[in-house]
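Inspection log for the structure reproduced underneath, given as structure tokens.
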Amino acid sequence: MPAPGDLGLELIGVPQGAELDLQLRMESVSEGVLVSGTVTGPLVGECGRCLRPISDTLDVPIQEFYAYEHSTTDETTDEDEVGRLQGDLIDLEPALRDSVVLSLAANPVCREDCPGLCPDCGVPLDELPEGHNHEQLDPRWAALSQIKTSEE
Ligand SMILES: [Zn+2]
Ligand SMILES: [Zn+2]
């Protein structure tokens, strides 16, 4: 099924319309239907440290109970607590949304040890030479420090 909009968090999620693969099993129980399985699909986002794009694969378990209309569960619970079968149909989207959002990191990173950006020039630190910094000595001071060194 195509992914609904806003499936994810601010920095990472499933692009709207991307193909989601749902492997679901439905089990009839006395009060309704238990749906369980996994959802897989593409994930795109942005590294929370260096802002480079991330692409990843979503693979999350999903489990949700849907009560039959007029069952005891239907009559004793709220619709936001327990899903309802609508005739023969189930609305999977709220359960899907919950599973996906719970599985995502609020601060995704492109890799575990991403060093992030140089705070001064905004270039990713792993693209810069080792020892990169912006503490450039004023040439006059540099000259002075040379004199000092030679005196020692
Ligand atoms: Zn990164
Ligand atoms: Zn820099």
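First listed ligand is number 1; within each ligand, the first listed atom is number 1.
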**Asked** Under 3.5 Å, side chain of Arg97 to main-chain N/O of Pro4, donor-acceptor pair present?
**Response** no

**Message:** Contact between Leu92 and Tyr66 at the side-chain level, heavy atoms closer than 4.5 Å - yes or no?
**Reply:** yes

**Prompt:** Taking C-beta and beyond as the side chain, do Arg49 and Asp113 meet within less than 4.5 Å on heavy atoms?
**Reply:** no

**Vertex the Zn ion (ligand 2), rays to SG in Cys121 and SG in Cys118 - rounded to 10°** = 110°

**Prompt:** Judged by atom type as modelled, is there a donor-acceptor pair below 3.5 Å linking the side chain of Gln63 to the main-chain atoms of Gly37?
**Reply:** no

**Fill in**
Closest to the Zn ion (ligand 2), among the N/O/S atoms of His134, is atom NE2

**Asked** Taking the Zn ion (ligand 1) as the vertex, what is the angle from SG of Cys50 to SG of Cys110, given to 10 degrees?
**Response** 110°

